[in-house]
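Here's the structure, in structure tokens; my notes come after.
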Amino acid sequence: MNKKNIGVIGGSGYGGEELLSLISNHEYINLKAVSSREHKGKPISSVFNSFVNFDLVFVDPEDSVFLECEAVFFCTPHGVSMSMTKALLDAGIKIIDLSADFRIKDHDTWKKWYGTEHKEPDLIKDSVYGLVDIYAEEIKKANLVAVPGCYPTASL
């Protein structure tokens, strides 16, 4: 199996750091790009001492290097990924979203919980809830996976 080019948008927060740790030595992943607005231009190793083997520097989330990826993880606050996902999906890139932007299928429920309108309500219907125990087959075929939050994950 060939290595897949992967990008991480929002790689300098806690979720991003944990994801980088999980994928850093994965035999089928080539980490192509990691973004951080705060640390843009800095080597990843200068922010995270545990990643001294990374040659990458943090880039802007809108950097075109993400268009060279086969999949992009969003480790961003709620509300960020919904504004960037459509362009990446249109470019044929799979999305794995760790925020809540695509977890709730009902638009009114989304608005109630997050106090704002969803920017891409049409994409919600195409997202697959990433609870592997229940939706494994759907996840395998999905282009947009909404990763469950801490409550369902902890409960399992």
Side-chain angles (χ1 to χ4, degrees), residues 1-48 50-51 53-105 110 114 116-132 135-150 152-153:
M1 178 181 257
N2 293 334
K3 286 189 170 197
K4 303 284 186 192
N5 287 328
I6 302 297
V8 176
I9 295 179
S12 64
Y14 177 76
E17 181 181 7
E18 289 299 312
L19 178 62
L20 291 175
S21 178
L22 290 170
I23 66 175
S24 63
N25 293 314
H26 195 288
E27 63 182 315
Y28 297 119
I29 291 178
N30 175 45
L31 186 59
K32 184 81 174 168
V34 181
S35 81
S36 170
R37 291 185 199 285
E38 179 183 353
H39 300 294
K40 184 173 121 180
K42 293 181 184 176
I44 293 173
S45 60
S46 73
V47 176
F48 300 124
S50 57
F51 299 125
N53 295 329
F54 281 16
D55 291 336
L56 293 174
V57 298
F58 286 108
V59 297
D60 190 78
E62 289 86 18
D63 194 295
S64 64
V65 70
F66 289 104
L67 295 173
E68 300 171 26
C69 295
E70 294 167 76
V72 169
F73 287 84
F74 278 92
C75 302
T76 54
H78 308 314
V80 174
S81 66
M82 73 171 89
S83 64
M84 300 176 71
T85 294
K86 184 168 181 2
L88 293 169
L89 287 171
D90 288 348
I93 300 165
K94 294 182 183 286
I95 303 297
I96 303 167
D97 185 15
L98 279 68
S99 80
D101 285 7
F102 296 99
R103 288 182 194 150
I104 300 173
K105 294 281 190 183
W110 162 266
Y114 294 99
T116 184
E117 293 288 332
H118 200 287
K119 295 176 184 168
E120 291 290 348
D122 290 341
L123 292 180
I124 295 172
K125 69 180 180 324
D126 296 329
S127 69
V128 172
Y129 191 63
L131 195 57
V132 178
Y135 300 109
E137 292 306 312
E138 292 88 341
I139 292 167
K140 290 177 186 176
K141 300 178 232 167
N143 289 319
L144 173 55
V145 177
V147 175
C150 55
T153 304

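On a predicted model such as this, the values are computed, not experimentally measured, just so you know.
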message: Using side-chain heavy atoms (C-beta onward) and a distance below 4.5 Å, is Lys140 in contact with Tyr135?
response: no
field: Inter-residue atom distance Glu17.CD - Ser24.OG, 0.5 Å rounding
entry: 11.0 Å
task: Check whether any side-chain heavy atom of Lys105 lies under 4.5 Å from a side-chain heavy atom of Ser127, and answer yes or no.
output: yes
message: Looking at Asp97, is its backbone amide N or carbonyl O close enough to the side chain of Arg103 to form a donor-acceptor pair, meaning the two atoms are under 3.5 Å apart?
response: no
message: Nearest 0.5 Å, please: how far is CZ in Phe73 from CG in Leu31?
response: 10.0 Å
- prompt: Which atom pair, heavy atoms only, marks the closest approach of Ile93 to Phe66?
  reply: CD1-O, 3.3 Å
- prompt: Heavy-atom distance under 4.5 Å between the side chains of Trp110 and Thr116, does that happen here?
  reply: yes
- request: Verify side chain to side chain contact (heavy atoms under 4.5 Å, CB included) between Arg37 and Glu62, making sure each step is shown before the conclusion.
  value: CA-CA 10 Å; Arg37 291 185 199 285; Glu62 289 86 18; 3.3 Å; yes
Shortest non-hydrogen separation from Leu67 to Ala91 and the atoms involved: CD2-CB, 3.9 Å
- request: Grab the two heavy atoms, one from His78 and one from Ser99, that are nearest each other, plus how far apart they are.
  value: ND1-CB, 3.5 Å
- prompt: Quick one: are Leu123 and Leu89 in side-chain contact, heavy atoms under 4.5 Å?
  reply: yes
- prompt: Atom NZ in Lys40, atom OG in Ser12: separation rounded to 0.5 Å?
  reply: 13.5 Å
Shortest non-hydrogen contact from Ala33 toward Val59: CB-CG2, 4.5 Å
- prompt: For atom NZ of Lys3, is the number of surrounding heavy atoms from other residues, nucleotides or ligands below 6.0 Å larger than 12?
  reply: yes
field: Euclidean distance, Tyr28 OH relative to Lys4 NZ, rounded to 0.5 Å
entry: 11.0 Å
Neighbour count >12 (heavy atoms, 6.0 Å) for atom CG, Asp90: yes
- prompt: Looking only at atom types and distance, does a side-chain atom of Glu70 sit under 3.5 Å from a main-chain N or O of Asn5, one as donor and one as acceptor?
  reply: yes
message: For a quick test of reading the model, state the closest non-hydrogen atom pair linking Val47 to Lys42 and the distance between them.
response: CG2-CD, 4.3 Å
- prompt: Under 6.0 Å from the NZ atom of Lys125, do we count more than 12 heavy atoms belonging to anything else shown?
  reply: yes
query: Under 3.5 Å, is there a donor-acceptor pair between the side chain of Ser36 and the main chain of Gly10?
result: no
query: Salt bridge or not for Glu120 and Lys86, using N-O below 4.0 Å?
result: no
message: Using the rule given for side chain to side chain contact (heavy atoms under 4.5 Å, CB included), can you reason through Met84 versus Val80, listing the C-alpha separation, both sets of side-chain angles and the distance that settles it, and then say yes or no?
response: CA-CA 7 Å; Met84 300 176 71; Val80 174; 4.2 Å; yes
query: Taking side chain as C-beta onward, heavy atoms only, is Leu20 less than 4.5 Å from Val8?
result: yes
Ring geometry between Phe58 and His39 (parallel below 30°, tilted from 30 to 60°, perpendicular above 60°): tilted
message: Given 3.5 Å as the limit, does a donor-acceptor pair link the side chain of Lys32 with the main chain of Glu68, or not?
response: no
- prompt: What closest approach, in Å, do Cys75 and Leu19 show between heavy atoms, and which atom pair accounts for it?
  reply: SG-CD2, 3.6 Å
query: When rounded to the nearest 0.5 angstrom, what is the spacing between CZ in Phe74 and OG in Ser35?
result: 8.5 Å
- request: Quick one: pull up CG in Asp101 and OH in Tyr114 and give me the separation to the nearest 0.5 Å.
  value: 8.0 Å
task: Could you please spell out the steps behind the side chain to side chain contact (heavy atoms under 4.5 Å, CB included) verdict for His118 and Ile124?
output: CA-CA 9 Å; His118 200 287; Ile124 295 172; 3.5 Å; yes
field: With Ile95, the side-chain contact (heavy atoms from CB on, under 4.5 Å) member among Thr85, Asn143, Ile9
entry: Thr85
